[in-house]
Participant: 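Can you read through this structure? Questions will come right after.
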Amino acid sequence: MDLDVLDTVLKQRKQPAFRRRQIVRAAQHEFKGAWSELTTLPKELRGQLEAEVPFSTLTIDLEERSSDGSVKLRMLTHDGFPLEAVLMRFERGGAGKEGREKLPPRYTACLSSQSGCALSCTFCATGKMKLGRNLTRHEIVDQFLELARRRQSGSPDGEGRIDNVVMMGMGEPFHNYDEVMAAIRTLNSSDGPGLAARRIAISTVGWVPGIEKLAKEEIQVKLALSLHAPNDQDRGLLMPVNKKFPIARLMQACAYYRAQTKRRIFIEYLMLDGVNDSTEHAKELAHLLNAQEGPGGFHVNLIAYNPTGTDYIGSSDETVRRFSTILERSGLETSYRVSRARDISGACGQLAAPVEAARRRQREEKLARSKARDEVPTPA
Ligand code: SAH
């Protein structure tokens, strides 16, 4: 819900101050989905709000469920910009083991900060869309609320909460810094979902001004840095942004962030066969990260490549194991991120792939139609 529009309407209607809080709590804390569910509001006011304040800033364009229990929503802003959000379901251990209860699965909401993205990373589908526009704080929060409502209504396992939020959908969060931070404050607030800040992560391409600004924030969100290569030459080929902020500059920003916050930084490293996954790369990465920090400064997330119609191929399991062993022997903690929702193109870097596919289909259909027209025999 666009709270600025709500404020204007409440003011026009000379409503008492507590109304806003009542409405915000119903929408953001109790996850109500429509004005008709706010039965404690005076009927006349409810009718007015229904007519003048859309309950969500987003409309659902497509809803897909993955075989792994994840859900992807494709949505449109009021002015027609597409974006996607994914609810990822992670099974946890304990299944079938004697004397151990199965732990309930965890749910992570992956949200977009922009429609499209201006940074054409070569392996990512969103970059191919180019930038549509920044999303507002309300549009970011509404993605979460859409997922939270689905989580609550279809909850097969527990009370229906979402455990974590990652700003890893479409877009570069630090190109939309103020709106992203405002949305995070809302997700964190006790009148809203009340999600602890340490359960919220911002993932950046390495936009240095954003890292330095985040370092000064009071709020304890996690920082993830998409590094993907340990030297400028290789990183430059994968991520054009490396020209603007080369690795030495990035490491300087990381040192500053660490000094300010004492929090560790999560390094995202996509494993691409024959591109950045050699033994040399692993040693170089270990050296780079260990040269900056004492133990515990960085945690490395190795990421499986999700196909996006490029020539890249993901590294084999054996290569990933070898790579992570080298990092761990050097004292770095690592994990290998299991992709979610791949079968519905809801995994990292695949967002927007369906938009591209839809466009391709449209082009093909058009071509087929014009061909068909040409083939219609003209009457003599
Ligand atoms: N712009 C931000 C957040 C969006 S992408 C950033 O770059 O961090 C979230 C993560 O998914 C990033 O680490 C990104 O590099 C990674 N990613 C992009 N394309 C991918 C792909 N095809 N397979 C796996 N991960 C991918």
Side-chain angles (χ1 to χ4, degrees), residues 1 27-33 56-58 60-66 68-75 77 82-92 104-115 126 135-171 173 176 179-189 192-204 219-224 266 268 301 303 306 337-342 344-352:
M1 182 186 306
Q28 299 185 347
H29 190 77
E30 294 157 24
F31 306 135
K32 300 268 196 264
S56 176
T57 55
L58 304 170
I60 307 291
D61 188 32
L62 185 74
E63 175 165 351
E64 289 179 283
R65 275 169 201 273
S66 162
D68 64 24
S70 302
V71 180
K72 182 175 78 170
L73 299 179
R74 192 163 84 212
M75 293 166 276
T77 62
L83 61 129
E84 290 176 311
V86 186
L87 183 64
M88 298 177 286
R89 182 176 192 270
F90 294 95
E91 285 294 346
R92 287 193 294 163
R106 280 206 183 282
Y107 286 82
T108 296
C110 176
L111 309 182
S112 296
S113 55
Q114 302 180 306
S115 173
T126 304
L135 299 176
T136 68
R137 58 196 69 191
H138 311 303
E139 288 162 346
I140 298 169
V141 170
D142 277 341
Q143 293 171 55
F144 179 89
L145 297 178
E146 291 289 356
L147 294 174
R149 288 198 284 271
R150 277 161 184 79
R151 172 83 184 94
Q152 230 179 21
S153 61
S155 168
D157 35 41
E159 14 104 57
R161 45 176 283 143
I162 291 178
D163 306 284
N164 299 290
V165 165
V166 291
M167 296 302 305
M168 290 190 187
M170 284 184 183
N176 188 17
E179 296 302 306
V180 166
M181 289 311 292
I184 287 176
R185 290 210 167 78
T186 299
L187 296 177
N188 184 225
S189 107
L195 204 67
R198 58 172 197 290
R199 293 185 169 278
I200 304 174
I202 299 181
S203 179
T204 177
I219 193 161
Q220 306 222 321
V221 291
K222 281 187 185 169
L223 175 65
F266 294 80
E268 309 280 295
N301 277 327
I303 310 172
N306 300 310
R337 193 159 84 199
V338 191
S339 283
R340 300 281 103 188
R342 258 192 197 184
I344 52 170
S345 293
C348 279
Q350 288 186 312
L351 301 183

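No hydrogens, no waters, no symmetry mates; every other heavy atom, side chains included, goes into these values.
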Participant: Could you tell me if Arg151 sits above the aromatic ring of Tyr107, with its cationic atom closer than 6.0 Å to the ring centre and no more than 45 degrees from the axis?
Facilitator: yes
Participant: Under 4.0 Å between a side-chain nitrogen and a carboxylate oxygen: does that hold for Arg137 and Glu139?
Facilitator: no
Participant: Do the non-hydrogen side-chain atoms of Phe31 and Pro193 ever get within less than 4.5 Å of each other?
Facilitator: yes
Participant: Please check this pair: side chain of Ser66 against backbone of Asp68, looking for a donor-acceptor N/O pair closer than 3.5 Å.
Facilitator: yes
Participant: Within the distance-only criterion (no hydrogens, no angle test), does the side chain of Ser70 pair as donor or acceptor with the backbone N or O of Met88 below 3.5 angstrom?
Facilitator: no
Participant: Test Glu84 against Lys72 for salt bridge (charged side-chain N to carboxylate O under 4.0 Å, His left out), laying out the working first.
Facilitator: CA-CA 7 Å; Glu84 290 176 311; Lys72 182 175 78 170; 3.5 Å; yes
Participant: Do side-chain atoms of Arg92 reach the backbone of Pro104 as a donor and acceptor pair under 3.5 angstrom?
Facilitator: yes
Participant: In this structure, which one of Lys222, Met168, Met181 forms a side-chain contact (heavy atoms from CB on, under 4.5 Å) with Ile202?
Facilitator: Met181
Participant: Tell me whether Glu179 contacts the main-chain N or O of Thr136 through its side chain, where contact means a donor paired with an acceptor under 3.5 Å.
Facilitator: no
Participant: In a check of side-chain contact (heavy atoms from CB on, under 4.5 Å) between Leu58 and each of Thr77, Leu135, Leu73, which one passes?
Facilitator: Thr77
Participant: Do Asn176 and Ser113 have side-chain N/O donor and acceptor atoms under 3.5 Å apart?
Facilitator: no
Participant: Please give me the minimum heavy-atom distance between Leu111 and Ala85, naming the atom from each residue.
Facilitator: CD2-CB, 4.3 Å
Participant: At their closest point, which heavy atom of Ala197 faces which heavy atom of Ile219, and how far apart are they?
Facilitator: CB-CG1, 3.6 Å
Participant: Which residue is it: Arg74, Arg149, Arg150? I am looking for the one with a salt bridge (Lys or Arg N to Asp or Glu O under 4.0 Å) to Glu63.
Facilitator: Arg150
